[in-house]
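This report refers to the structure that appears directly beneath it.
As a basis for the values below, the full set of heavy atoms in this structure was taken, side chains included, without hydrogen atoms, waters or symmetry mates. The model shown is predicted, which means the values in this text are computed figures rather than measured ones.
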Amino acid sequence: MKRLSSSEAVWPAIKKTWDELFDAFQWSKYAKLCSVAVLAEGIVVCYRFSVRNDLTSELSVPDLRTVWDSPYFPLVIWAALSAIILLGFGYYTIVRLRFVLFHLLVFRPREFRAGWELHGKTALRMLFACGLSWLVVFACIGIEATVMAIGGVTLFTARADDGRLDPGVLLLMYLIAFLTGIALLVLVAVVRIILHDFILPHMALDHVGFWGAWSKFRKIFSAEKETFFWYMVLRILLSVIPWAIVATVATAVGYLLIWALSGSATGYDFLLGGTEDFRDYVRSALDVIFVLSGLATGVLLNFVLGGSLAVWTRNFALLFYAGRYSRLGDAMSMSSSSGKLASH
């Protein structure tokens, strides 16, 4: 398969996404692919949405010291352990769906179930690799937080000659915190890109563990370090800019929905003037409709906009790496020429 630079892979990724989602359009295929892509890529489209709040009671914060003596303490422990287990299983499901999305976009099978059944053990290996990687990232965040805490103590103990806080030290602390925060965000993005864009294809196609995949990727990376650097730069930018555009569209749709429903609620409120009890019931019903409509709109926006964006993001990564990883390139060329592949 032709070796593409990061900028050259943008348009082919758009074309490939269009062909997969809209060429010979099938609603069931579109729904399944977008659903898998949204969950696998973790793309969530958000917009502001609010309703009238008539709650006037104040919520008191319980004294946590009384929890230890509570007869419900074992239940709290059981609930916490259950939540941890559910979170772990949920993350494993997301990791496995990433392999399913990879299988769907590379091989274009008719059955979506094939990717799920094929990569169960591989997804478990990737789960442990992701856990180890994020532990390293969290360790870096912890070190940064410790340094900032020590710096904060130093800041409030460092005084100028007149006994006031030194503004130079304060400015330096803000600058260090800002730059360190940016560095950590870049680190998180780079780790995520390496795991999903480069390690995952080797684990899926070569059936190797994390370290085997890392070794194969490192050999490819060492031959084109500058190319991979600019790919990561563009990959981060293309993750932010389209999301901003989609978020703007989602916000516009959200405000349009709020305007329409608020206008309807105001009209009903005017028509029902003088019937206080009945009007309260109608307003409560309208609030419920308002919330349900907002939730339904949010799900639809994530499905339509977020799903398409997620598929395009994954296609962009595949097309860039396919020209450098021959087995991936051969698989994509074969499926592209035939139009479909039953299973891998």
Query raised in the report: Considering the options L135, L195, V191, I199, which one meets the side-chain contact (heavy atoms from CB on, under 4.5 Å) requirement together with C130?
Result: L195
I need the minimum non-hydrogen distance between [X] and [Y], along with the two atoms involved.
{"X": "A123", "Y": "F99", "value": "CA-CE1, 3.7 Å"}
{"X": "Y92", "Y": "L124", "value": "CE1-N, 3.8 Å"}
{"X": "A40", "Y": "L101", "value": "CB-CD2, 4.1 Å"}
{"X": "C34", "Y": "S308", "value": "SG-N, 4.2 Å"}

Requested in this report: Determine, stepwise, if the pair T93 / L97 fulfils side chain to side chain contact (heavy atoms under 4.5 Å, CB included).
Outcome: CA-CA 6 Å; T93 302; L97 285 174; 4.3 Å; yes
Quick one: do [X] and [Y] end up in the same hydrophobic cluster if we chain Ile, Leu, Val, Met, Phe, Trp and Tyr together by side-chain heavy atoms under 4.5 Å apart?
{"X": "I14", "Y": "L318", "value": "yes"}
{"X": "V136", "Y": "V186", "value": "no"}
{"X": "I193", "Y": "L187", "value": "yes"}
{"X": "W18", "Y": "W312", "value": "yes"}

A side-chain contact here means heavy atoms from C-beta on lying under 4.5 Å apart; do [X] and [Y] qualify?
{"X": "S6", "Y": "R235", "value": "no"}
{"X": "Y30", "Y": "L21", "value": "yes"}
{"X": "I194", "Y": "M232", "value": "yes"}

Hey, what do you get for [atom1] ([X]) to [atom2] ([Y]), rounding to the nearest 0.5 Å?
{"X": "L33", "Y": "S28", "atom1": "CG", "atom2": "OG", "result": "11.0 Å"}
{"X": "M126", "Y": "M203", "atom1": "CE", "atom2": "CE", "result": "4.5 Å"}
{"X": "T146", "Y": "I141", "atom1": "OG1", "atom2": "CD1", "result": "11.5 Å"}
{"X": "I94", "Y": "F89", "atom1": "CD1", "atom2": "CZ", "result": "11.0 Å"}
{"X": "M332", "Y": "R108", "atom1": "CE", "atom2": "CZ", "result": "8.0 Å"}

**Report entry** F178 atom CZ, neighbour heavy-atom count above 12 within 6.0 Å
**Finding:** no
Query raised in the report: Counting heavy atoms not belonging to K216, are there more than 12 under 6.0 Å from its NZ?
Result: no
Query raised in the report: Checking ring-ring contact (aromatic ring centres under 6.0 Å, His included) against F221, which of F228, W214, F198 comes through?
Result: F228
Query raised in the report: Between R96 (side chain) and G115 (backbone), is there a donor-acceptor pair under 3.5 Å?
Result: no
Requested in this report: Apply ring pair (Phe, Tyr, Trp, His ring centres under 6.0 Å) to Y325 and H202, showing your working.
Outcome: CA-CA 9 Å; Y325 175 28; H202 289 287; 4.1 Å; yes
Requested in this report: Kindly indicate, with the supporting measurements, whether the criterion ring pair (Phe, Tyr, Trp, His ring centres under 6.0 Å) is fulfilled by F128 and F210.
Outcome: CA-CA 9 Å; F128 288 115; F210 171 77; over 10 Å; no
Requested in this report: Keeping to residues at least two apart or across chains, list the side chain to side chain donor-acceptor pair (under 3.5 Å) pairs with something in residues 76-91.
Outcome: Y91-W134
Report summary line: Taken in chain and number order and not counting sequence neighbours, the residues that satisfy salt bridge (Lys or Arg N to Asp or Glu O under 4.0 Å) with R314 are E41, D197
